[in-house]
Amino acid sequence: MAYFNGASRAVVNILSKLRNVEKPVPVDHSFCELGSIRYHIQVSASDQENIFFSISTPRLSQDEPNPNGLADFILQDIKTKYFNFADIIQPPKEGYTLTLKLNFSKLTRAKDYTKAINMVSSLHVAILNSQLKDTLKNLWMGDIIQGSTMPIKLVNHKQEPFFVFRAPKKVTAIFPMRFKDESDVILATSFFQELADLGSKFPKAPRCEWSPIPPQELRGEPFENLSTNGGFVSFGIFKRHVKGKKADKTAWILLNFQQYVRYHIKCTRGFIQRRMRHRLEVLSEAIEQARIGGEPKIRKEVTKQRKTWLRFSKSKQLKRGIKAFADQMKRLRLRIKIRGLGRLHRYCFHVPKFHALGWHAKLD
Amino acid sequence: MANNVRLYLTCIRNTLEAAMCLQNFPCQEVERHNKPEVELNTSPELIMNPVLICRNEAEKCLIETSINSIRISMKVKQADELENILAKKFLRFLSMRAESFQVLRRKPVQGYDISFLITNYHCEEMHKHKLIDFIVQFMEDIDKEISELKLSVNTRGRLVATEFLKQFI
């Protein structure tokens with residue numbers, strides 16, 4: 001699904017242009033995406049081969065040991081995936097969580113280069129996925145203290161936290177949903193109910209549940225985390241959902257679930273708007289037909305027919321064109337009437353008449 | 001059910017045919033002014049008895065007539081919250097573009113979802129029977145459109161939910 005393709009287009013564009021540059025030019029780009037991910041790409045004119053790529057991603061959990069950088073397991077993960085063309089620079093650039101030195105000179109084939117660029121543009125996906133996978137893994141491995149299991153609060157986008165909670169044989173991800181508009185709440189609620197109803201048709205997918213009140217697992221959380229108008233959506237994540245290659249996909253889908261719901265509501269509102277506009281046009285035509293002496297629809301068809309008939313006689317069209325031009329010229333001449341220029345008109349535009357036969361002046 | 005709707009719309013049509021006998025009538029209070037008396041409501045001798053046609057508690061139509069104007073207010077069926085917001089959005093959308101319809105009021109009468117104001121000038125410019133056909137057709141189309149919108153929104157939601165869950169497989 002295109003929405004969950006997390007690659008950054010801006011990074012792809014910049015890195016693709018760097019490959020095709022003719023003259024060595026210094027490059028220094030700083031930009032922000034998705035509200036919380038910051039990038040910095042730097043290339044010096046003297047050393048075009050090495051690209052310094054810095055990235056800053058939000059911290060998913062407030063309990064992370066290293067607030068300024070990334071955990072060791074994440075760095076190890078990145079080293080394994082990007083060893084072909086990237087080296088990790090320690091310490092990272094100030095204000096960023098990770099800095100890589102990229103060197104694509106070893107990648108001679110265009111296909112490999114494109115693949116490498118796509119991997120670099122999806123670096124924030126890899127970092128966030130690693131963080132969530134580690135959290136889920138710790139939850140699976142951790143011991144449950146009898147009678148007290150605390151949910152872990154994770155924040156991907158600002159003001160949109162979600163919770164993960166260890167339950168017997170599964171991990172539950174709970175999303176408190178908040179919307180600004182009442183109509184969004186109703187559209188989202190109907191979507192969540194469809195999601196919950198489809199659980200039986202997709203037994204391999206995580207089971208989804210929706211409730212308007214906070215689930216039991218979140219009792220005890222601060223009130224600000226539990227005040228919602230869209231209810232709470234829960235997904236039951238089993239081991240089979242985080243096995244092997246599926247782990248990355250599951251983690252990324254969970255991280256973007258809230259944004260995905262907002263995107264769906266936005267598209268639904270656009271769809272409703274289009275339908276309403278279409279209906280408006282239909283009803284407007286109906287009232288126009290009620291006018292006395294006016295059925296504009298039929299008139300339009302007649303004029304169209306006339307135009308199609310005219311196209312067949314080109315010589316007539318040409319004659320008409322010439323006549324129109326001549327009329328226009330006459331009108332212009334008649335329109336411009338300036339005093340004193342009458343004589344000029346007579347001298348300039350008057351063609352003297354030559355009497356060829358029968359008239360001549362006798363010269364003495 | 002369809003018969004019920006037919007009877008309701010037929011009753012409205014017959015009432016409108018009887019009520020739409022409008023003529024030009026200058027304002028009695030302000031010189032050289034010509035105002036729709038049904039809106040002013042100041043001269044009781046110029047206002048006829050309003051007619052309220054109810055299909056059920058949720059759907060009704062109020063027809064108020066005067067000597068030079070007629071006001072038709074409708075309350076549309078809204079079975080659940082989704083229909084409620086769809087009806088609200090749609091009717092507000094139409095009201096904001098009232099100039100396209102000429103006979104539509106920008107703000108509905110209190111207690112109703114949408115209102116029309118037809119004056120003697122409209123009757124002079126348009127065919128009376130076609131105007132009544134338009135009003136009745138409008139009512140049918142509104143109900144149909146809201147039902148279709150609700151169905152489409154639910155279908156979209158189901159398709160999107162299916163595609164979402166397929167990502168996990």
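Just so it is clear: chains get the letters A, B, ... in the order the sequence lines come, proteins before strands, and each one is counted from 1.
- Proximity to chain A is limited to the side chain of B:Lys144, based on heavy atoms less than 4.5 angstrom apart.
- Using non-hydrogen atoms only and a strict 4.5 Å limit, the part of residues 96-119 of chain B facing chain A consists of B:Arg97, B:Ser100, B:Phe101, B:Gln102, B:Val103.
- Residues B:Phe93 and A:Arg277 are in side-chain contact: their nearest non-hydrogen atoms beyond the backbone lie under 4.5 Å apart.
- Along residues 25-32 of chain B, no residue comes nearer than 4.5 angstrom to chain A, judged on non-hydrogen atoms.
- Using bins of under 30°, 30° to 60° and over 60° for the plane-to-plane angle, the ring pair A:His241/B:Phe168 lands in the perpendicular bin.
- How far CD1 of A:Ile287 is from CD of B:Gln137: 11.5 Å, rounded to the nearest 0.5 Å.
- Atom NE2 of A:His278 has 12 or fewer heavy atoms from other residues, nucleotides or ligands within 6.0 Å.
- In this structure, chain A has no heavy atom under 4.5 Å from any part of B:Lys88.
- Nearest heavy atoms, A:Arg275 versus B:Ser152: NH1-OG, 3.4 Å.
- Neither the backbone nor the side chain of B:Ile142 comes within less than 4.5 Å of any heavy atom in chain A.
- The choice from B:Asn84, B:Asn154, B:Leu131 that makes the most heavy-atom pairs within less than 4.5 Å of chain A is B:Asn154.
- Of the inter-residue distances, the one linking A:Gln289 atom CD with B:Lys130 atom NZ reads 7.0 Å to the nearest 0.5 angstrom.
- Here the shortest heavy-atom pairing between B:Phe134 and A:Ala286 reads CD1-CB, 4.0 Å.
- Proximity to chain B among residues 195-206 of chain A is limited to A:Leu195, A:Leu198, A:Phe202, A:Lys204, A:Ala205, A:Pro206, judged by heavy-atom separations below 4.5 angstrom.
- Residue B:Glu163 holds its CD atom at 7.5 Å from OH of A:Tyr260, rounded to the nearest 0.5 Å.
- To the nearest 0.5 angstrom, B:Gln167 atom CD is 12.5 Å from A:Lys246 atom NZ.
- Once rounded to the nearest 0.5 Å, the distance linking CZ of A:Arg279 with CD1 of B:Ile146 reads 10.5 Å.
- Heavy atoms from other residues, nucleotides or ligands lying under 6.0 Å from CG of B:Asn49 number 12 at most.
- For B:Phe90, the parts lying under 4.5 angstrom from a heavy atom of chain A are both the backbone and the side chain.
- Heavy-atom neighbours of B:Glu39 CD from other residues, nucleotides or ligands within 6.0 Å: above the threshold of 12.
- Contacts with chain B (heavy atom to heavy atom, under 4.5 Å) involve these residues of residues 175-188 of chain A, listed by number: A:Ser183, A:Ile186, A:Leu187.
- With a 4.5 angstrom heavy-atom cutoff, A:Ser190 touches chain B only via side-chain atoms.
- Residue contact with chain B, scored on non-hydrogen atoms closer than 4.5 Å, is absent for A:Arg207.
- Looking at A:Cys267, both its backbone and its side chain come within 4.5 Å of chain B, counting heavy atoms on both sides.
- In terms of heavy-atom pairs under 4.5 angstrom with chain A, the leader among B:His122, B:Lys128, B:Glu124, B:Glu125 is B:Glu125.
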